[in-house]
Amino acid sequence: MANIRLIDISKSYGNKKILKDINLTINEGELIVLLGPSGSGKTTLLHGIAGIISFDKGQVYFDEDLINDIPIEKRNAVLVDQNLLLFPHMTVYSNIAFGLKMRKVDKRIIDKKVRELIDLMDLKGHENKYPNELSGGQMQRVAIARALAVEPKVLLLDEPFSKLDIVLRKNLQEFVKKLQKKLNITTIMVTHDKEEALLMADKIALLIDGEIKQFDTPMNIYEKPVSMEVAEFFGPVNYFKGKVVNGIFISNIGEFKVNIYNDSNIIFMFRPEQIILTEKGNIKGIIVKKVYCGDKVNYLIDVNGQTIICSTFQKNLDIGNNVSIYLNFNEAVYFYY
Ligand SMILES: Nc1ncnc2c1ncn2[C@@H]1O[C@H](COP(=O)(O)OP(=O)(O)OP(=O)(O)O)[C@@H](O)[C@H]1O
């Protein structure tokens, strides 16, 4: 278990900058998710921490040890990615025992450890099966057990669930999160799946174009994004642009009293679920589109020429209905422009 510090990390391929001055501190026992769109540099960063590639610039510390020049096998970090690469000719038991055998650990200790992991990973009864006799989720658990057997200080997961179906994926997300907390192992996980990141992370590092745009708890990054770019990454948003004068926000959807005391140009941001339909609303609109999504409905509502997206459990409204909307400006995020 280690804390990890990344200082001024940069990496280019040819003349393309892939990672640009990345700084990140990860505390011992935390699960950090590196989240970002395809090609943003997530795997490159993870591979540099694992020691598979080297960075052009910057330092990587595990606790007080600078590990830039330490070879992969001595870093005490293990990587599990979507290409599980279990040994096909070895049983579950032998796959998990492999790393310990290579290290010439005493047979009885290996047996004790492997059995503990089999218990922990819920693989009892599958010890003597070969990988081709396992489900995708079981294989993924064997891969994680094999990685954990050598007691690494750092666990690196690269899209570990991406090949699994949705049900299995949800089960394993919860399972791995619980396991990670139980073992208190510092973990960095790469994903491009926002929901997975919000569900699993202690903190999310949002990487876009090789830069960390925000490093924060799931709740803060979703509810208090530092920029419109971060806000939009997590899904649709409504913006209301206007001016604050003497504590009144003046915009094309109306005038509202707000708790902002300096006169300024402001853009308020509301997520679709923050658009509340209620008779006591402070805005009037008309429904122009209805999209049924099963557990909720998305309505597009025209308010004075601006289209607002509203996500609600209220399913009985229809196109053409007049609605009244409540916007709580005092709890909304805003940006200056
Ligand atoms: N060995 C390499 N040589 C040249 N370019 C590379 C190499 N490895 C990665 N890249 C480029 O670096 C950029 C970042 O790649 P990386 O795999 O880190 O992205 P990612 O965020 O993990 O994407 P994804 O979610 O699609 O896996 C991409 O443009 C990729 O083409």
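Numbering of ligands and ligand atoms starts at 1, following listing order.
Taking 4.0 Å as the cut-off between side-chain N and carboxylate O, Asp119 and Arg115 do not count as a salt-bridged pair. Under the 4.0 Å criterion applied to side-chain N and carboxylate O atoms, Lys113 and Glu151 are assigned as salt-bridge partners. Between Lys112 and Asp106 there is no salt bridge, since none of the side-chain N atoms of the basic residue sits less than 4.0 Å from a carboxylate O of the acidic one. We find that Asp193 and Arg169 are joined by a salt bridge, their nearest charged nitrogen and carboxylate oxygen being less than 4.0 Å apart. Electrostatic pairing of Lys177 and Asp202 counts as a salt bridge here, judged by a charged N lying under 4.0 Å from a carboxylate O. At a threshold of 4.0 Å, the pair Glu174-Lys170 does not count as salt-bridged, since none of the basic side-chain nitrogens sits closer than that to a carboxylate oxygen. The pair Asp8-Lys57 does not meet the salt-bridge criterion, since no charged nitrogen lies less than 4.0 angstrom from a carboxylate oxygen.
The nearest heavy-atom contact from the protein to atom 13 (C) of ligand 1 is Ile18 CD1, 3.6 Å. In terms of protein heavy-atom proximity, atom 7 (C) of ligand 1 is nearest to Tyr13 CE1, 3.2 Å. The protein heavy atom nearest to atom 15 (O) of ligand 1 is Thr44 OG1, 3.7 Å. In terms of protein heavy-atom proximity, atom 23 (O) of ligand 1 is closest to Gly39 N, 2.8 Å. Taking atom 25 (O) of ligand 1 as the reference point, the nearest protein heavy-atom neighbour is Lys42 NZ, 2.8 Å. With respect to atom 26 (O) of ligand 1, the closest heavy atom belonging to the protein is Ser38 OG, 2.6 Å.
Of the protein's heavy atoms, none falls inside 4.0 Å of atom 30 (C) of ligand 1. Protein heavy atoms are found less than 4.0 angstrom from atom 21 (O) of ligand 1.
Within the structure, the closest approach of His47 to ligand 1 does not fall below 4.0 Å when heavy atoms are considered. A heavy-atom separation below 4.0 Å is not found between Gly210 and ligand 1.
Interface atoms of ligand 1 facing Lys16, defined by a heavy-atom separation under 4.0 Å, are 29 (O). Listed by atom number, the atoms of ligand 1 under 4.0 Å from Gly41 heavy atoms are 14 (C), 18 (O), 19 (O), 20 (P), 21 (O). Remark: ligand 1 atoms within the under-4.0 Å shell around heavy atoms of Pro37 are 21 (O).
Considering Tyr334, Tyr326, Phe329 as possible partners of Phe270, the one that fulfils the ring-ring contact (aromatic ring centres under 6.0 Å, His included) test is Phe329.
Polar contact check, His192 against ligand 1: no nitrogen or oxygen pair lies under 3.5 Å apart.
For the pair Glu223 and Arg271, the minimum side-chain heavy-atom distance is 4.5 Å or more.
Both the backbone and the side chain of Thr43 come within contact range of ligand 1, each with a heavy atom under 4.0 Å.
Side-chain contact, His126 with Glu133: no donor N or O sits under 3.5 Å from an acceptor N or O.
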